[in-house]
Amino acid sequence: MDTKPENFIQQIIRTDLEEGRVHRVVTRFPPEPNGYLHIGHAKSICLNFGLAEQFGGACNLRFDDTNPEKEEDAYVRAIEADVRWLGFQWDGAVRFASDYFGRLYEWARYLVEQDKAYVCELSAEQTREYRGTLTEPGRDSPYRDRPAAESLDLLEQMRRGEIEEGRMVLRAKIDMSAPNMNLRDPVLYRVKRVPHHRTGDEWNIYPSYDFAHGQEDAIEGVTHSICTLEFEDHRPLYDWFIDNLPVPSRPRQYEFGRLNLNYTVTSKRRLKRLVDENHVDGWDDPRMPTLSGLRRRGVTPAAIRNFCDSLAVAKTDGTVDMAQFEHFIREDLNTSAHRAMCVLDPLPVELVNVPEGQVETLRAPNHPQRQELGHRELPFSRHIYIDRGDFSEDTSLSRKKFKRLVLGEWVRLRAAYVIRALDVVRGDGGEPVKVIAEIVPGTVGENPPEDIRPRGVIHWVSADDCLDCEIRLYDRLFKTPSPGAGDSDFLEAINPDSLKVLTGCKAEAGLRAGDPAHHFQFEREGYFYADSRHSTADKPVFNQTIGLRETWTQ
RNA sequence: UGGGGCGUCGCCAAGUGGCUAAGGCAACGGGUUUUGAUCCCGUCAUUCGGAGGUUCGAGUCCUCCCGCCCCAGCCA
C-alpha cells in the first residue's frame, strides 16, 4: 500500500499516546451555526473525524453557538446533514456551547473571585483606545482594580438583563502591555439582550469565543483541539484559561493551514454576499463551493474525502489548484458513474437504408471497464440525433484534427453502426438542418471492411424514442484565480457566463426510468447529475458536474 | 516599527544533518482504446527565498537579510 507520510498532528498524537499523556484521542468539529459548510470545512471535518478514526478515538460535533445574533437552528440542521452526507458519525449526541453556559458563568465568577477578571465600563470605543496599537502598549482600564465583590454584583446584574448592551463587559485581568494583543485584558462576556436559538431568553450575556472554546474542549475531554492558523496567537490565551480555571481536563490546541482554492471563495462572509445579493441561486447553487452546492452539482462524498485526504496538513497557507479538486471528482465518477448518451445540440440524421418504422434493439455496456455493472438496451431506428458539433461539411479537415462525421465520410456511432454522411438538407440560411446518411450493415460490434475507415466514434440518440431534457453547463464562478485580491471587490471577478442552460437536449430513453439519484457519464460530454430542484418526472434537468478531460488542441 | 507564523519544481507537498532532493496535480511526448475519456509508459528541481558561517558532510544547525500571511471585534 502507499504509505502516506504522517502529518505533524498525527506525529504529535502518536507520541502523546506512546508516552501516555493521552489514553484516548478526542477531537471535535466546532462549526458556528451561522452559515453553510463549504469545501474548506470539509478539510477540517475529514481531519478531525479521520484522526479519531485512525487512532481509535472519538470526534464530537459541537456547535459554537455563542453569538445568538447570527445563529439559527436552520443552520444547525443543515450542518448536521452535510456532515452525515460526507459519511461521518459524531460521537454521542450533538453538543452545543450553549449546553455549558451555566458552567462557563460559574467559571467567570471564579476568575473574578481569584482577582483575575473584572467588570469594565469602558465603552467599545474607549476600550479600543485603551488597548493601544500593534506597536504601543495599552493602558489599564480605570475599572481594573475595582473590588471583586463589586464586579461579582455587576456581573450578576448583567446576567439578569439589568444592564444595557454595550455598557459593561467582563474582562480577564492579564496584561495591557502584552505584545500579543489577545492578552490585553480580553473580553469574556458581553451583554446581548437577544434570544438564543436554544436557550431562549435565559441569558442576557454571552461568552466570547476565547472564553468559551477551550473550556468547552475541557468539558468534553477533547485532547487535541485543532483549528486554523489565525488562532495561533490565541493559544496563549487558550492555555491561560485552562491554567487558571478548575477545568476537568487539559486540552491542547494545534493549528493547521486552512484550505484555499483558486477561482473560488471560501469565506462565509463572501458566500453569504453571493447569496444575499442574488449572484447565485442560494447556498446550494451548483456553482457554490458549499457542500450543499457540490452535492447538488453531483460531486460525491468520496471525491471530497479523497481530495481532502490528498491535502497536506501543515502550517503553510497555500492555495490549491482547482484542477486538483477536479481530478478527484473525475477519478471517483469515472469508476462509479454509469455511461449513457445525451445529445446536447441535436442535429437530425436520417438513415436512408434503415426502413421506416423498424426498431432494432442494441446493447451497450453501462461501464466500459466494469462488466459487472451490466448493460442497457438502446432502440435504433431510421431517425436519430447527433450533436451539431459532431458534423462538418469541410472535407479538408484532417482525420487527426476532426474525428467526427464529415460529409461523404464514415464515423462510428457509439455501440451501434458505422454510418456515412451522403447529403445535407439545408434551412433558409443555408445551414444544415438534417444529414442524410446510410448505415454500413453488419458493423454493430464488428469492424467495417478495410476500405471503410471511420474517423472516430460519436454519440447519438434515437429520435423516435428519446427523452427531452434540460442541461445546465457550469463554468467557474470567478474569472480570476484569487477573486478580491489586492483591494478589488471580489464580486467584480464574477464570471458572467458561469451558467449555460441548454434546452431541447435529447437523452437516451432509458434515463426516463433511471434512478435520478444516479451519477451519469454522458459519453464524450462529461459527468451529469439530475438537479434536485428543477427536475420534473417528464422533463429532467441535468447538472454538469464536470466535463471530461480534453487533451486535444483545436 | 510590536507579537505570532510561513518560505523545497507552474500548484500542493515529503524531507526530523549522511545512499543519486519522495509523491500527487498540471504540462508535454508515446502506446492501447467502438468515449479526442479511462488505462499504460516516458519527460519534468545539479537544487531547496538570499548571503555568510559551523561540519568530513546542510534543504536539514547558527547568524544576518528578503518576501508573504495573521493579530489593534463587546465576530468566530
Side-chain angles (χ1 to χ4, degrees), chain A residues 2 4-8 11 30-32 34 64 66-67 69-70 120 122-124 127-129 131-138 165-171 177-184 186-192 205-206 208-210 212-213 227-236 255 257 259 262 268-269 310-312 314-328 330-331 334-335 339 341 364 367-369 400-404 412-416 418 443-447 454 456-459 481 521-526 547-554:
Chain A
D2 50 312
K4 212 190 163 197
E6 265 187 345
N7 64 51
F8 79 101
Q11 292 179 28
E32 182 187 11
N34 70 342
D64 227 341
T66 56
N67 186 354
E69 282 168 359
K70 298 180 177 177
C120 178
L122 251 22
S123 68
T127 304
R128 196 182 320 123
E129 286 161 20
R131 186 152 35 224
T133 67
L134 295 177
T135 52
E136 305 157 24
E165 282 187 31
R167 282 281 296 115
M168 296 180 192
V169 294
L170 182 72
R171 302 176 69 179
S177 63
N180 180 344
M181 302 291 285
N182 295 120
L183 266 18
R184 321 248 260 229
V187 171
L188 272 42
Y189 268 99
R190 69 279 213 211
V191 176
K192 277 182 193 291
I205 57 172
Y206 294 92
S208 63
Y209 164 86
D210 285 310
H213 205 93
C227 63
T228 44
L229 256 23
E230 68 268 29
F231 291 102
E232 220 152 8
D233 34 75
H234 288 245
R235 189 175 354 114
E255 311 86 15
L259 167 65
N262 57 17
K268 268 191 223 169
R269 208 196 103 256
S310 83
L311 301 169
K315 296 186 81 107
T316 42
D317 60 344
T319 300
V320 176
D321 266 339
M322 188 57 93
Q324 189 162 336
F325 184 30
E326 293 174 341
H327 164 78
F328 285 95
R330 290 195 183 97
E331 183 185 66
N334 177 51
T335 60
R339 309 290 122 122
M341 290 192 282
H367 195 291
Q369 280 86 34
K400 190 166 165 56
K401 211 168 177 187
F402 194 75
K403 306 169 86 162
R404 312 174 189 192
R412 155 78 66 184
L413 293 179
R414 178 71 162 159
V418 170
T443 51
V444 175
E446 301 293 337
N447 287 128
V457 183
I458 64 172
H459 58 288
Q521 183 198 97
F522 291 160
E523 290 190 284
R524 301 209 314 132
E525 295 290 0
L548 257 25
R549 219 161 69 94
E550 295 184 345
T551 48
W552 83 101
T553 40
Q554 285 248 57

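Residue numbers begin at 1 in each chain, while the letters A, B, ... track the order of the sequences. Only a predicted model underlies this, so the values are computations on that prediction, with no experimental measurement involved.
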*A:Arg404 side-chain N/O to B:U35 phosphate OP1/OP2 under 4.0 Å*: no
_Taking any heavy-atom pair under 4.0 Å as a contact, classify A:Thr319: base, sugar-phosphate, or nothing._
sugar-phosphate
*How is A:Gly166 classified with respect to the nucleic acid when contacts are heavy atoms under 4.0 Å: base, sugar-phosphate, or nothing?*
base
*Pick the C1' atom in B:G73 and in B:C11, then give their distance to the nearest Å.*
34 Å
*Across all strands, who's sitting opposite B:U38 as a Watson-Crick or G-U wobble pair, both distances under 3.5 Å?*
none
_B:C64 and B:A22, which share atom name C1', separated by this distance in whole Å_ = 32 Å
*Ignoring backbone atoms, test whether A:Ser208 places a side-chain nitrogen or oxygen under 4.0 Å from the OP1 or OP2 oxygen of B:C75.*
no
_Complementary nucleotide of B:C9, counting Watson-Crick and G-U pairs under 3.5 Å_ = none
_Does B:G73 have OP1 or OP2 under 4.0 Å away from a side-chain N or O of A:Arg171?_
no
*asked:* What's A:Val169 touching, base or sugar-phosphate or nothing? Going by heavy atoms closer than 4.0 Å.
replied: base
*Spacing between A:Leu311 atom CG and B:A14 atom C1', to the nearest angstrom*: 15 Å
*Ignoring backbone atoms, test whether A:Arg269 places a side-chain nitrogen or oxygen under 4.0 Å from the OP1 or OP2 oxygen of B:C75.*
no
*Test for a donor-acceptor pair under 3.5 Å between the base of B:U35 and the side chain of A:Gln521, counting only N and O atoms.*
yes
*What is the glycosidic conformation of B:G50: syn, defined as within 90° of 0, or anti?*
anti
*Assign A:His213 to base, sugar-phosphate, or nothing according to its heavy-atom contacts below 4.0 angstrom with the strands shown.*
nothing
*asked:* Taking only the P atom of each, what is the distance from B:G42 to B:C9 in whole angstrom?
replied: 24 Å
*Report the base-pairing partner of B:G2 (Watson-Crick or G-U wobble, both distances below 3.5 angstrom), or none.*
B:C71
*Which is true for A:Pro30 with a 4.0 Å heavy-atom rule: it touches a base, it touches only sugar-phosphate, or it touches nothing?*
nothing
*If you look at every strand shown and take non-hydrogen atoms under 4.0 Å, does A:Gln11 touch a base, only sugar-phosphate, or nothing?*
base
*With a non-hydrogen cut-off below 4.0 angstrom, is A:Ala323 in contact with a base, only sugar-phosphate, or nothing?*
sugar-phosphate
*In the strands shown, is B:A22 matched to any nucleotide by a Watson-Crick or G-U wobble pair with both distances under 3.5 Å, and which?*
none
*Would you say a side-chain N or O of A:His327 is under 4.0 Å from OP1 or OP2 of B:C25?*
yes
*Nearest-angstrom distance, P atom, B:G15 to B:G23*: 14 Å
*Looking across every strand, which nucleic acid part, if any, lies under 4.0 Å from A:Arg414 by heavy atom: base, sugar-phosphate, or nothing?*
base
*Determine: side-chain N/O of A:Thr316 to OP1/OP2 of B:G5, distance under 4.0 Å, yes or no.*
no
*Please work out whether the ring planes of A:His234 and A:Phe231 are parallel, tilted or perpendicular, with thresholds of 30° and 60°.*
perpendicular
*Please check the phosphate of B:G73 (OP1 and OP2 only) for any side-chain N or O of A:Arg131 closer than 4.0 Å.*
yes
*asked:* On RNA chain B, does the nearest nucleotide to A:Asn334 precede the nearest nucleotide to A:His367 from the 5' side, or the other way round? Give the residue.
replied: A:His367
*Pairing nucleotide - B:C64, Watson-Crick or G-U, each distance under 3.5 Å*: B:G50
*Within the pair A:Thr551 and B:A37, is there a side-chain N or O less than 4.0 Å away from OP1 or OP2?*
yes
*asked:* What is the separation between atom CD on A:Glu230 and atom P on B:A72, rounded to the nearest whole Å?
replied: 11 Å
*asked:* Counting the atoms with a prime plus P, OP1 and OP2 as sugar-phosphate, which does A:Phe231 contact under 4.0 Å by heavy atoms, base, sugar-phosphate, or nothing?
replied: base
*Is A:Arg184 near enough to B:A72 that one of its side-chain N or O atoms lies under 4.0 angstrom from OP1 or OP2?*
no
_For the C1' atoms, the ones on B:C44 and on B:G29, what distance do you get once it is rounded to whole angstrom?_
11 Å
*Under 4.0 angstrom, heavy atoms only, what part of the nucleic acid is A:Glu550 near: base, sugar-phosphate, or nothing?*
nothing
*How far does the P atom of B:C48 sit from the matching atom of B:A21, given to the nearest Å?*
12 Å
*Reckon A:Glu331 touches a base, only the sugar-phosphate, or nothing at all at heavy-atom distances under 4.0 Å?*
nothing
*Write down the distance separating the C1' atoms in B:C41 and B:U34, rounded off to the nearest Å.*
23 Å
*NA contact type, A:Gly257, heavy-atom cut-off 4.0 Å: base, sugar-phosphate, or nothing?*
nothing
*Inter-nucleotide P distance (B:A26, B:U33), Å rounded*: 24 Å
*Which part of the nucleic acid, if any, lies within contact of A:Arg330, taking any heavy atom under 4.0 Å across all strands shown: a base, the sugar-phosphate backbone alone, or nothing?*
nothing
_At 4.0 Å (heavy atoms only), tell me whether A:Ala312 reaches a base, stays on the sugar-phosphate, or touches nothing._
sugar-phosphate
*asked:* Tell me whether the side-chain N/O atoms of A:Lys192 come closer than 4.0 Å to OP1 or OP2 in B:C75.
replied: yes
*Output the single nucleotide from B:G4, B:A76, B:G36 whose closest atom is nearest the side chain of A:Trp552.*
B:G36
